[in-house]
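I have placed the structure first, in the form of structure tokens, so that the comments after it can refer back to it.
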Amino acid sequence: MSAASSASLQQRISEQLQALSQVGETLTLRLLELEERLASLEEQIGELGANPDDDPAHLESNAILAHTEERIARLEELLNEQHRSAQVHPFPPRSEEPELELELNPFPDEEEQPFMDELSA
């Protein structure tokens with residue numbers, strides 16, 4: 001290896017090391033900025049969490065959750081009633097009103113239909 005190529009190799013390595021150290025420095029500075037922003041956001045969240053009853057979004061969320069819990073309780077009651085009535089009556093009673101029957105059973109059993117071969121015979 002010649003002295004000129006050795007010097008140029010050393011020059012390239014030193015330039016790459018300098019670029020690498022600059023990248024490391026930039027990443028370190030960005031990391032420090034992110035840590036400061038995170039600390040600021042955590043402080044803001046802590047302040048919001050300290051008094052959640054004053055937050056309108058929190059109150060609205062609580063109302064939605066309460067309403068959802070009521071609906072789930074009603075559905076559970078309906079399922080329990082249906083389960084109890086299924087134990088008493090193994091088959092659901094036929095309703096005189098087709099709309100009510102569709103509401104209770106949206107997928108009624110269909111009657112068996114003959115195949116095309118049976119119709120032509």
Checklist outcome for this item: Between the OG atom in Ser5 and the CZ atom in Arg12, the distance rounded to the nearest 0.5 Å is 10.5 Å
Checklist entry - Between the side chain of Ser14 and the main-chain N/O of Gln10, is any donor-acceptor distance below 3.5 Å? => result yes
Taking only distance into account, with no hydrogens and no angle test, what donor-acceptor pairs under 3.5 Å do side-chain atoms of residues 25-33 form with protein atoms, sequence neighbours excluded?
{"from": "Thr26", "atom 1": "OG1", "to": "Gln22", "atom 2": "O", "distance (Å)": "2.9"}
{"from": "Thr28", "atom 1": "OG1", "to": "Gly24", "atom 2": "O", "distance (Å)": "2.8"}

Checklist entry - In Å and rounded to the nearest 0.5 Å, what is the CG to NE2 distance from Leu65 to His67? => result 11.5 Å
Next on the checklist: So, taking the atom named CD in Glu47 and the one named CD in Gln44, what distance separates them when rounded to the nearest 0.5 Å?
Outcome noted: 7.0 Å
Next on the checklist: Contact between Ile13 and Leu17 at the side-chain level, heavy atoms closer than 4.5 Å - yes or no?
Outcome noted: yes
Next on the checklist: Do Leu38 and Glu42 make a side-chain contact, defined as non-hydrogen atoms from C-beta onward lying under 4.5 Å apart?
Outcome noted: yes
Checklist outcome for this item: Sorted by chain and number, sequence neighbours left out, side-chain contact (heavy atoms from CB on, under 4.5 Å) with Glu69 holds for none
Checklist outcome for this item: Those residues at least two apart in sequence (or on a different chain) that pass side-chain contact (heavy atoms from CB on, under 4.5 Å) with Leu20 are none
